[in-house]
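Can you keep this structure in mind? I'll have questions shortly.
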Amino acid sequence: MKIAVIGLGHVGLPTALGFSELGWEVLGVDDDPHKSRQIAAGRMPFYEPGAEELLRRGLRSGRFRLAPDVAAATAEAEVVFVCVGTPQRDDGSADLSQVEGVARAIARSLNGGKLIVEKSTTPVRTAERIRQTIGRYRNGDHRFEVAVNPEFLREGSAVYDFFHPHRIVLGVESSWGRDLLLQVYRPLLDRLRAETTNTPGAAGSDPVEERVIVTSLQTAELIKHAANAFLATKISFINMVADLCEAAGADVTEVARALGLDPRIGPAFLQAGVGFGGYCLPKDLRALIRIGEELGADMALLRAVDAINRQRVGRLVRRLEQVLWVLRGKTVGILGLAFKPGTDDIREAPSLRVVEHLLQEGVALRLHDPQAVENFRRVVPEDPPRLVYCTSPYEAARGAHALVLLTEWPEYGDLDLASLAAVMEVPCLVDGRNVLDPAAARAAGFEYVGMGRP
Ligand code: UGA
C-alpha cells in the first residue's frame with residue numbers, strides 16, 4: 001500500500017516522514033517548488049528537532065519521495081492524507097480554499113478505490129464537503145471514501161509525538177475505511193506495544209489498542225477542535241488568575257503548582273505569561289467559535305478565552321512601563337521570538353505584537369532567538385539603531401534598560417544572570433513566561449518582574 005501526503009508543512013511533513021519510518025512507501029506533494037526542492041535535497045524547510053534525520057533516511061531508502069503534483073500522488077496511492085493549510089479569514093473562520101482545491105484535484109485523478117483522509121484541522125462538517133466535492137468532480141465512478149484522522153503533534157516535538165500518540169482518532173464512514181486506516185497505523189501500534197510491554201493495563205485490556213478511537217467523521221473533527229480549545233482555555237484561565245494574583249499580591253506560579261497536583265486538573269498548560277500563539281491554538285479557537293455560532297451554539301466561553309489571550313501583550317507592555325516609567329528613548333532587549341521553544345515558527349507569536357508596540361512607543365530593540373531570527377527578520381527587517389538582531393542573549397542585553405523574556409528556550413534558564421546584568425544600562429527583567437527564578441535574578445542584581453507574581 002502506498003500513502004500520499006498532500007501539503008508538507010508542520011503537519012504533513014512530520015506525518016509523511018513518520019509513516020515512511022514505519023515502513024510505508026510515502027509520496028509527498030507540496031505546491032511550493034522551492035520547498036519541494038529543499039525537501040528532495042534532504043533539507044528540512046523549517047526547524048523541527050529530529051526530522052531531518054528521518055527525511056534523509058526516508059529519501060535514502062526510497063520509502064519517501066516527492067511527487068510532482070496531487071494528481072500524480074493520488075494516482076499511485078491508496079490512502080491520501082490531506083495536510084494543506086487552513087489559514088484564518090478576516091472574520092475568524094477557516095479559509096478552506098486549499099482543501100477544496102486539493103479535493104478537486106484528487107477527484108480528477110481517481111483511478112480505483114481510495115481513502116481520502118482529512119488531517120488538516122478543519123471545522124466540523126468539512127469532511128462532508130470534501131466528499132461532496134470529490135463526488136461532483138470525479139472522472140467516472142471510481143470508488144472513494146472520506147475519513148478524518150486529526151493530528152495532535154506539537155511543533156518542536158512533532159517527531160516524538162508522532163511515535164508516541166496519546167490517542168489515534170479515526171473518523172470513518174465504513175468498516176472498509178476503518179480497516180484501511182488501522183492497517184496504516186498497525187506498525188505504530190506494534191511499536192508502541194513493544195515499548196509498553198512492561199506496563200500492562202487492567203486485566204484483559206490492551207492499553208495500546210485503547211488509544212484508538214473510532215468515530216463518525218463529525219465527531220473526529222470536533223475532537224480535534226475541542227482539544228485545542230480546551231488547551232487554550234486552560235492557558236487563558238491561568239492568565240486570568242495571574243491578573244488576580246498581580247492585583248492581590250499573590251504568586252500565580254504557586255497557585256498553578258497547587259492546582260496541578262489535583263489529577264482532575266493536571267499540571268500541563270497552566271503556565272501564565274504573555275499568552276498562547278502559533279498557527280494552531282489562536283486560529284483553531286476562532287474557527288471553532290465561528291462554526292459554533294453558525295451552528296447556533298453559545299460560544300461565550302471561548303470568546304472570553306480569546307479575549308483574555310488578546311490582552312496579554314498589552315499587560316506585558318504595561319508591566320514594562322511600570323518598571324521603566326517612560327518608554328520613549330529606552331533600549332529593550334528581547335529574549336525569544338518564536339511562539340514557543342523548539343521551533344523557528346513565529347506565526348501569531350506574542351513577540352510580533354510586543355515588538356510592534358514597543359517600536360510605536362519609540363523604544364530601541366535588541367532581539368535574540370536561538371532559531372527564529374531569520375523568520376522574524378523577513379517580517380521585521382533590521383533597522384539599526386532602532387532595531388538590531390543579536391547573536392547572543394548577552395549581546396541583546398548590552399546597553400539595555402530592560403530585558404523582556406518572551407520564549408522559554410531552555411538556554412535562557414542557564415544564563416549567567418550576573419554577566420547579563422553587568423552589560424546592561426539598568427538591570428531590569430520582565431519575565432513574560434515566569435520561567436526564571438526571581439530570587440536568583442534579584443541576587444544577580446536584577447529588578448525582576450514576572451506576570452502574576454508579586
Ligand atoms: C498545539 C497543540 O498542543 C497540539 O496538540 C496540536 O496538534 C497543535 O496545536 C495543532 O493543532 O497542530 P502547538 O501549536 O505546537 O500545538 O503549541 P503548544 O505547545 O500547544 O503551545 C501553544 C502556545 O501556548 C505557545 O505559544 C505556548 O507558549 C503557549 N502556552 C502553552 C502557554 O502560554 N502556557 C502554557 O501553559 C502552555
Side-chain angles (χ1 to χ4, degrees), residues 7 9-15 46-49 83-88 94 119-123 149-162 164-169 221 223-242 252-253 255-257 259-260 265-288 305-306 308-313 315-316 336-354 372 405-409 412 431-435 450-452:
H10 289 271
V11 174
L13 190 49
T15 303
F46 48 85
Y47 176 69
E48 186 60 59
C83 304
V84 293
T86 53
Q88 183 181 302
K119 208 169 196 18
S120 311
T121 304
T122 50
N149 171 221
E151 59 81 29
F152 301 101
L153 310 177
R154 292 163 301 173
E155 286 183 30
S157 51
V159 172
Y160 177 87
D161 290 349
F162 180 88
H164 301 89
H166 295 122
R167 71 289 218 198
I168 296 173
V169 175
E221 288 172 320
I223 288 172
K224 169 64 199 228
H225 255 153
N228 274 3
F230 189 75
L231 295 173
T233 303
K234 272 189 106 173
I235 300 170
S236 278
F237 174 83
I238 202 67
N239 281 331
M240 176 201 71
V241 175
V252 71
T253 61
V255 174
R257 186 148 48 93
L259 288 181
I265 298 175
F269 279 68
L270 286 181
Q271 202 174 327
V274 69
F276 56 81
Y279 200 57
C280 302
L281 260 47
K283 164 176 91 70
D284 292 353
L285 180 68
R286 286 173 215 139
L288 182 57
V305 169
D306 188 29
I308 291 171
N309 197 54
R310 286 173 194 265
Q311 291 158 11
R312 298 315 292 166
V313 164
R315 292 210 58 108
L316 178 121
L337 302 171
F339 83 93
K340 68 172 196 178
T343 178
D344 60 357
D345 196 346
I346 57 158
R347 291 174 297 176
E348 293 228 21
S351 59
L352 286 165
R353 285 175 47 230
V354 172
L405 189 150
L406 294 179
T407 316
E408 64 278 33
W409 285 97
Y412 293 157
D431 183 355
R433 295 290 180 183
N434 285 345
V435 284
M451 295 194 75

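Atoms within each ligand, like the ligands themselves, are counted from 1 in listed order. All residue numbers in this chain count up from 1 along the given sequence. Because only heavy atoms are used, hydrogens play no part in the values below, and waters and symmetry mates are left out as well, while side chains stay in.
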| request: Collect the protein residues that have a non-hydrogen atom under 4.0 Å from ligand 1 and hand them over in chain and number order. | output: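 Residues within 4.0 Å of ligand 1: E151, F152, L153, R154, E155, K224, N228, L231, I235, F269, L270, Q271, G275, F276, G277, C280, L281, D284, F339, K340, R433.
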
| task | List for me each residue that meets salt bridge (charged side-chain N to carboxylate O under 4.0 Å, His left out) alongside E151, sequence neighbours excluded, and say none if there are none. | result |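 Testing E151 for salt bridge (charged side-chain N to carboxylate O under 4.0 Å, His left out), a comparison that skips the adjacent residues, returns K224.
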
| field | Residues that T15 engages under side chain to side chain donor-acceptor pair (under 3.5 Å), provided they are two or more places apart | value |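 If we apply the side chain to side chain donor-acceptor pair (under 3.5 Å) test to T15, skipping adjacent residues, there are no hits.
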
| request: Please confirm whether R167 makes a cation-pi placement over F152, using NZ or CZ under 6.0 Å from the six-membered ring centre and within 45° of the ring normal. | output: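 Verdict for F152: a cation-pi partner in R167.
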
| Atom pair CZ/CG of F237 and L259 - distance to nearest 0.5 Å |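 These two atoms lie 6.0 Å from each other.
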
| message | Which residues pass the side chain to side chain donor-acceptor pair (under 3.5 Å) test with S236, not counting sequence neighbours? | response |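 For S236, no residue satisfies side chain to side chain donor-acceptor pair (under 3.5 Å) once neighbours in sequence are set aside.
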
| message | Going by salt bridge (Lys or Arg N to Asp or Glu O under 4.0 Å), E348 matches just one of K340, R286, K283. Which one? | response |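 Among K340, R286, K283, the one that satisfies the salt bridge (Lys or Arg N to Asp or Glu O under 4.0 Å) with E348 is R286.
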
